[in-house]
Amino acid sequence: MLSISLPAGGRVVIHSVEVMHGGDLNTGEVMARLYLDGRLHAESRVPARFPVEGGVIEVRTSEAGMRRCTFVAHDGSEHQLVPDPASAEGRRMRFAREHPGASRLIGALSVLALLIGVGVNLLEVAGPISQIPPIADTIGTFESPVNLPLWLNITLGAAAAVGAVERALRMRYHWLLDSGAGT
C-alpha cells in the first residue's frame, strides 16, 4: 500500500492506494483501490486515474510491480506516493536510505543483470525464429554468435527476473528495461 497526505475538505486526509498485482479473485483483472483515511473511496482497473482534491492520483503497473503511483497536482507538480514501511518496497527504501552505497551497487547490478539476461536470451531466440520458412525466405537465417549451455541460459534468465523485481521494489521504471507487457 502506498500513501500520501493531502488536504481535503479543510483537513489533512491520508490517501492510500492498494494494488493486487495477481488480479481480482473474481475477474482476474488488476485493480487499484483508493482509500481515504482507511475507507474505500474508489476502485478502478489499472491503469487508473483517481480524481482527488487538488489533482489526480495516477496508478500504472508493470509485470514486475508498480510502474507509477503519483499524485499530479493541478499545477503540474508531481509527488510520488510513499510505500508502507512494512512492505517490501518500504523495506527497500529504508535500505537505500540507511546504506546508499550498497543500494546503488545493487541497483547497478540489477540493471546489468537485465541487460545481459535479456540481450543474450534475445540472441538465443533469434536463431530459431529466423529458421521459420517465411522469415528465412524474407530476411535470411541468423546464427547466434553466443551458444550458451542450458544451465547458463536459465541462470541469466533468473538473474534478469531478480533484477526486474529489484527495480520494481525501488519503484523504478524505464521503458526499455522494464517494458515487458506493462499496463
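Numbering starts at 1 and runs along the sequence shown. Keep in mind that this is a model prediction, so the values were computed, not measured. No hydrogens, no waters, no symmetry mates; every other heavy atom, side chains included, goes into these values.
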* Taking Ser130 for the side chain and Thr141 for the main chain, is one N or O donor matched with an acceptor at less than 3.5 Å? -> no
* Would you name the heavy atoms of Phe95 and Ala102 that are closest together and state the gap between them? => CZ-CB, 3.8 Å
* Structure fact -> So CG of Leu81 and CE of Met1: to nearest 0.5 Å the spacing works out to 11.0 Å
* Asked: What's the spacing between Cys69 SG and His79 NE2 if we round to 0.5 Å?
  -> 13.5 Å
* Using a cut-off of 6.0 Å, state whether more than 12 heavy atoms not belonging to Glu98 lie near its atom CD. => yes
* Asked: Side chains of Leu34 and Glu43: does their closest heavy-atom pair fall under 4.5 Å?
  -> no
* Polar side-chain atom of Thr155 near backbone of Trp151 as donor-acceptor pair, under 3.5 Å -> yes
* To do: Could you list the residues that satisfy side-chain hydrogen bond (donor to acceptor under 3.5 Å, both in side chains) with Glu18, not counting sequence neighbours?
  => Tyr35
* Taking C-beta and beyond as the side chain, do Ile57 and His15 meet within less than 4.5 Å on heavy atoms? -> yes
* Of all the heavy-atom pairs spanning Ser110 and Glu166, show the shortest one and how long it is. => OG-OE1, 3.0 Å
Residues 2-13, side-chain donor-acceptor partners within the protein, below 3.5 Å, at least two apart:
from: Ser3; atom 1: OG; to: Ser16; atom 2: OG; distance (Å): 2.8
from: Arg11; atom 1: NH1; to: Asp37; atom 2: OD2; distance (Å): 3.0
from: Arg11; atom 1: NH2; to: Asp37; atom 2: OD2; distance (Å): 3.4

* Less than 4.5 Å apart, any side-chain heavy atom of Phe71 and any of Val56? -> no
* Which other residues belong to the hydrophobic cluster containing Ile139, where Ile, Leu, Val, Met, Phe, Trp and Tyr are joined when side-chain heavy atoms lie under 4.5 Å apart, directly or via other members? -> Val125, Ile129, Ile132, Ile135
* Asked: Is there a side-chain contact (heavy atoms from CB on, under 4.5 Å) between Leu40 and Arg33 once you walk through the steps?
  -> CA-CA 7 Å; Leu40 182 62; Arg33 292 177 179 88; 3.8 Å; yes
* Could you tell me whether the side chain of Thr138 and the main chain of Pro134 form a donor-acceptor pair under 3.5 Å? => yes
* Might you point out which heavy atoms bring Ala126 and Phe142 nearest each other, and give the distance in Å? => CB-CD2, 3.6 Å
* Beyond-backbone contact of Arg92 with Ile106, side-chain heavy atoms, under 4.5 angstrom -> yes
* Atom pair CG (Leu148) and CG (Leu123), whose distance is rounded to the nearest 0.5 Å -> 9.0 Å
* To do: Measure the shortest side-chain to side-chain distance between Val59 and Arg68 over non-hydrogen atoms and say whether it is less than 4.5 angstrom.
  => no
* About how many Å separate OG of Ser44 and CD of Glu29, when rounded to the nearest 0.5 Å? -> 9.5 Å
* To do: Please examine the side chains of Val19 and Met31, heavy atoms only from C-beta on, and report whether any two atoms are closer than 4.5 Å.
  => no
* Structure fact -> d(Glu53 CD, His74 NE2) to nearest 0.5 Å is 8.5 Å
* From Glu89 atom CD to Arg91 atom CZ, the distance as rounded to the nearest 0.5 Å -> 9.0 Å
